[in-house]
Undergrad: 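Have a look at this one before I ask anything.
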Amino acid sequence: MAEHRLISSPEDLEVYDTLKIPRQAEDQLATSSPEATAEGHKAGFVNIVGNPNVGKSTLMNDLVGERISIITSKAQTTRHRIMGIVNTPAYQIVFSDTPGVLKPKYKLQESMLDFSEGALTDADILLYVTDVVEDPTKNADFLSKVAAEKIPVLLVVNKIDLLKDNAELDSIVGRWKELLPNAEVFPCSAREHFNVDNLRARIIELLPPSPPFFGKDALTDKPARFFVTEIIREKILLQYDKEIAYSAEVLVEKFDEKEHAIHIMAVVYVERDSQKGILIGKGGDKIKRVGIEARKDIEKFFGKRVYLELYVKVEKDWRNRENKLRAFGYID
């Protein structure tokens with residue numbers, strides 16, 4: 001964290017009055033059909049887009065109140081479009097975290113960009129997330145599409161805890177207002193939970209009248225296996241360099257859940273034999289560490305004992321093979 005704090009209260013930002021909205025995230029995955037709700041109910045899709053490493057996943061988790069998206073310091077951590085659902089009797093917010101916008105170098109990144117661009121077409125509210133160090137001209141083509149949106153666009157300037165004074169913030173906001181003149185600006189620190197409640201309050205105000213899209217006990221649209229793969233992949237991202245981390249994909253082959261325990265067998269795929277050796281480590285020490293760390297988080301996520309088996313296989317050039325991308329859930 002920076003030595004100096006930018007501001008000490010939401011009032012200093014001269015934005016919206018403080019409105020505390022309780023975090024609401026049931027410990028359930030998505031259920032099949034929405035229940036009947038009273039007249040006046042609001043619901044909508046709030047899609048989170050932006051460039052890599054600006055804090056989209058951290059913001060998503062804070063808004064939902066649960067750890068839905070994995071978080072690391074590496075770019076391209078998020079590969080899928082992931083929904084996190086917030087429910088109260090009065091409203092349902094369906095947040096979508098998306099991969100960072102980038103210029104694709106292989107078919108996997110093309111699919112990731114499709115997730116991001118698709119988020120522009122089905123949103124009721126768009127959150128465009130940037131931060132205090134990003135070049136506003138980066139990925140100008142995508143930004144021009146955001147500027148042309150007719151739906152409400154909320155520009156989130158994240159990581160303001162890195163700034164020393166309001167003059168820096170004023171300069172940053174001024175540059176972004178030139179690029180997105182119709183957007184409402186919300187300086188935030190998702191990591192510090194600063195001004196996130198005001199952002200949430202504005203989202204609730206902008207939600208259209210609608211019945212819920214998912215059951216009122218739903219937390220996400222993803223199945224349990226998906227979160228197992230993401231937790232394992234997060235540990236790989238944290239413990240290996242970019243070559244290994246970006247070449248790895250995880251597939252759960254067995255998910256046997258009992259009352260008090262879950263038996264999981266997962267395969268980590270890499271593209272080359274040399275990567276397999278690095279991933280496994282001497283005597284299997286590195287992959288064992290991945291398994292230990294992943295198992296801890298999986299147990300926290302499901303609230304029960306987990307038996308995790310990890311295997312490593314080579315699937316050459318999987319990031320450019322449509323059949324493998326389809327098997328890993330990147331292509332319908």
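Computed from a predicted structure; not experimentally measured.
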Undergrad: Go through the steps to decide whether Val146 and Val153 satisfy the test side chain to side chain contact (heavy atoms under 4.5 Å, CB included), and finish with yes or no.
TA: CA-CA 8 Å; Val146 175; Val153 176; 4.0 Å; yes

Undergrad: What are the two closest heavy atoms between Tyr311 and Met265, and how far apart are they?
TA: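 Heavy-atom minimum between the residues: CE1-CG, 3.4 Å.
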
Undergrad: Indicate yes or no: does Arg200 engage Glu205 in a salt bridge with an N to O separation below 4.0 Å.
TA: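 No, this pair does not count.
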
Undergrad: Is the closest side-chain heavy-atom distance between Leu108 and Asn320 below 4.5 Å?
TA: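 Not in contact.
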
Undergrad: So, do Val64 and Ile85 sit near enough that their side-chain heavy atoms are less than 4.5 Å apart?
TA: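 Answer no - side chains too far apart.
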
Undergrad: If every non-hydrogen atom of Lys56 is compared with every non-hydrogen atom of Asp97, which pair is closest and at what distance?
TA: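 That closest heavy-atom pairing would be CB-OD1, 3.7 Å.
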
Undergrad: Go through the steps to decide whether Leu59 and Val129 satisfy the test side chain to side chain contact (heavy atoms under 4.5 Å, CB included), and finish with yes or no.
TA: CA-CA 9 Å; Leu59 179 64; Val129 183; 3.8 Å; yes

Undergrad: Quick one: does Val312's side chain get under 4.5 Å of Tyr269's, heavy atoms only?
TA: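 No, every pair of side-chain atoms sits at 4.5 Å or beyond.
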
Undergrad: In terms of hydrophobic clusters joined by side-chain contacts under 4.5 Å, are Ile292 and Val268 together?
TA: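 No, no single cluster joins them.
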
Undergrad: Could you tell me the separation between the CZ atom of Arg233 and the CG atom of Leu238, rounded to the nearest 0.5 Å?
TA: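 Here the rounded value is 11.0 Å.
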
Undergrad: Return yes when atom NZ of Lys288 has more than 12 non-hydrogen atoms of other residues, nucleotides or ligands closer than 6.0 Å, and no otherwise.
TA: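 Incorrect, the count does not exceed 12.
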
Undergrad: Nearest 0.5 Å please: distance from the CD1 atom of Ile244 over to the CD atom of Gln275.
TA: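 Spacing of CD1 (Ile244) from CD (Gln275) equals 4.5 Å.
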
Undergrad: Under 4.5 Å between any side-chain heavy atoms of Lys159 and Val133, yes or no?
TA: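 Heavy-atom side-chain distance check fails, nothing below 4.5 Å.
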
Undergrad: For Glu149, what residues pass the salt bridge (Lys or Arg N to Asp or Glu O under 4.0 Å) criterion, not counting sequence neighbours?
TA: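 Counting only residues at least two positions away or on another chain, Glu149 forms no salt bridge (Lys or Arg N to Asp or Glu O under 4.0 Å).
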
Undergrad: Under the salt bridge (charged side-chain N to carboxylate O under 4.0 Å, His left out) test against Glu257, which residue among Arg305, Arg225, Lys304 passes?
TA: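 Of Arg305, Arg225, Lys304, salt bridge (charged side-chain N to carboxylate O under 4.0 Å, His left out) with Glu257 is met by Lys304 alone.
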
Undergrad: Under 6.0 Å between the ring centres of Phe302 and Phe227?
TA: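 Between Phe302 and Phe227, the centre distance exceeds or equals 6.0 Å.
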
Undergrad: Hey, is the main chain of Pro99 close enough, under 3.5 Å, to the side chain of Ser116 for a donor-acceptor pair?
TA: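 At least one qualifying donor-acceptor pair exists.
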
Undergrad: With a 6.0 Å cut-off on the ring centroids, do Phe255 and His263 count as close?
TA: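 Not close enough - the centres of the two rings lie 6.0 Å or further apart.
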
Undergrad: Would Asp131 and Val157 count as a side chain to side chain contact (heavy atoms under 4.5 Å, CB included) here? Give the steps.
TA: CA-CA 5 Å; Asp131 63 23; Val157 181; over 6 Å; no

Undergrad: Do the side chain of Thr98 and the main chain of Phe115 share a donor and acceptor less than 3.5 angstrom apart?
TA: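 Flag not set: sc Thr98 to bb Phe115 has no pair under 3.5 Å.
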
Undergrad: May I ask you to decide if Ile287's main-chain N or O and Lys235's side chain share a donor-acceptor pair within less than 3.5 Å?
TA: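 Side chain of Lys235 to backbone of Ile287: no pair is present.
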
Undergrad: How close do Gly44 and Phe213 get, counting heavy atoms only, and between which atoms?
TA: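 That would be N-CE1, 3.8 Å.
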
Undergrad: Working to the nearest 0.5 Å, report the span between CD1 of Ile151 and CG of Leu120.
TA: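 Result: 8.0 Å between the selected atoms.
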
Undergrad: Looking at Ser144 and Asp141, would you say the former's side chain and the latter's main chain have a donor-acceptor pair under 3.5 Å?
TA: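 Between the backbone of Asp141 and the side chain of Ser144 there is a qualifying donor-acceptor contact (under 3.5 Å).
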
Undergrad: Kindly determine whether Asn51 and Tyr128 satisfy side chain to side chain contact (heavy atoms under 4.5 Å, CB included), including the steps that lead there.
TA: CA-CA 9 Å; Asn51 291 323; Tyr128 186 88; 3.9 Å; yes

Undergrad: Could you walk me through whether Glu299 and Arg295 pass the salt bridge (Lys or Arg N to Asp or Glu O under 4.0 Å) check?
TA: CA-CA 6 Å; Glu299 287 182 337; Arg295 179 181 54 78; 3.5 Å; yes

Undergrad: Is the backbone of Val185 close enough, under 3.5 Å, to the side chain of Trp176 for a donor and an acceptor to pair up by distance?
TA: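 Absent.
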
Undergrad: Without hydrogens or angle criteria, can the side chains of Tyr307 and Glu309 be said to hold a donor-acceptor pair below 3.5 Å?
TA: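 The criterion, which ignores hydrogens and geometry beyond distance, is not satisfied for Glu309 and Tyr307.
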
Undergrad: Are any of the side-chain heavy atoms of Thr130 and Asn158 separated by less than 4.5 Å?
TA: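 Heavy-atom side-chain distance check fails, nothing below 4.5 Å.
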
Undergrad: Using salt bridge (Lys or Arg N to Asp or Glu O under 4.0 Å), reason through Asp62 and Arg191 one step at a time and then give a plain yes or no.
TA: CA-CA 8 Å; Asp62 198 17; Arg191 184 178 65 176; over 6 Å; no

Undergrad: With a 4.5 Å cut-off on side-chain heavy atoms, are Val252 and Ile264 touching?
TA: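 A side-chain contact under 4.5 Å exists here.
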
Undergrad: Walk me through whether Tyr330 and Glu110 qualify under side chain to side chain donor-acceptor pair (under 3.5 Å).
TA: CA-CA 10 Å; Tyr330 294 107; Glu110 290 176 5; over 6 Å; no

Undergrad: Can you confirm whether more than 12 heavy atoms, excluding those of Arg289, are under 6.0 Å from its CZ atom?
TA: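 No, CZ of Arg289 has 12 or fewer neighbouring heavy atoms, counting only those of other groups under 6.0 Å.
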
Undergrad: Would you check if Arg202 and Ile125 make a side-chain contact, meaning some heavy-atom pair closer than 4.5 Å?
TA: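 SC-SC contact between Arg202 and Ile125 ruled out.
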
Undergrad: Determine whether a donor-acceptor pair (N or O, by modelled atom type, separation under 3.5 Å) exists between the side chain of Asn61 and the backbone of Ile68.
TA: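 Yes: the side chain of Asn61 pairs with the backbone of Ile68.
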
Undergrad: Are Phe95 and Phe45 an aromatic pair by the rule of ring centers under 6.0 Å?
TA: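 Ring centroids of Phe95 and Phe45 are no less than 6.0 Å from each other.
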
Undergrad: Please give me the minimum heavy-atom distance between Asn198 and Phe186, naming the atom from each residue.
TA: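 It is O-CE2, 3.8 Å.
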
Undergrad: Using salt bridge (charged side-chain N to carboxylate O under 4.0 Å, His left out) as the criterion, point out the one residue from Lys276, Lys316, Lys313, Arg319 that pairs with Glu271.
TA: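 Output: one option passes, namely Arg319.
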
Undergrad: Where the side chain of Gln92 meets the backbone of Phe214, is there a donor-acceptor pair that is under 3.5 Å apart?
TA: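 Yes: the side chain of Gln92 pairs with the backbone of Phe214.
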
Undergrad: Quick check on the hydrophobic clustering: are Val314 and Leu310 connected, directly or via other members, by side-chain heavy-atom contacts under 4.5 Å?
TA: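 Yes, Val314 and Leu310 fall within the same hydrophobic cluster.
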
Undergrad: Determine whether Asn87 and Asp217 satisfy the following criterion, side chain to side chain donor-acceptor pair (under 3.5 Å), listing intermediate values before the conclusion.
TA: CA-CA 7 Å; Asn87 289 292; Asp217 59 350; over 6 Å; no

Undergrad: Considering non-hydrogen atoms only, spot the tightest contact between Lys138 and Pro52 and give its length.
TA: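 In terms of heavy atoms, the two residues are closest at NZ-CD, 4.4 Å.
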
Undergrad: How many angstroms lie between atom CZ of Arg67 and atom OG1 of Thr58, to the nearest 0.5 angstrom?
TA: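 The distance works out to 9.5 Å.
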
Undergrad: Does the side chain of Val250 reach to within under 4.5 Å of the side chain of Phe226, using non-hydrogen atoms?
TA: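 No, every pair of side-chain atoms sits at 4.5 Å or beyond.
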
Undergrad: Begin with the C-alpha distance, continue with both residues' side-chain angles, and end with the deciding distance and a verdict on side chain to side chain donor-acceptor pair (under 3.5 Å) for Thr78 and Ser57.
TA: CA-CA 8 Å; Thr78 300; Ser57 296; 2.9 Å; yes

Undergrad: Shortest non-hydrogen contact from Val132 to Ile172?
TA: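 Closest pair (atom of Val132, atom of Ile172, distance): O-CD1, 3.6 Å.
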
Undergrad: Do other residues, nucleotides or ligands put more than 12 heavy atoms under 6.0 Å from the NZ atom of Lys300?
TA: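 At most 12 heavy atoms, drawn from other residues, nucleotides or ligands, come within 6.0 Å of this atom.
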
Undergrad: Measuring from atom CG of Leu199 to atom SG of Cys188, what distance do you get when rounded to the nearest 0.5 angstrom?
TA: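 Going from CG on Leu199 over to SG on Cys188, the span is 5.0 Å.
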
Undergrad: Just do the side chain to side chain donor-acceptor pair (under 3.5 Å) check on Arg81 and Asn47 with the steps written out, would you?
TA: CA-CA 9 Å; Arg81 182 174 174 180; Asn47 297 347; 3.3 Å; yes

Undergrad: Supply the atom-to-atom distance Leu126 CG to Lys145 NZ, rounded to the nearest 0.5 angstrom.
TA: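 Rounded to the nearest 0.5 Å, the CG-NZ separation comes to 12.5 Å.
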
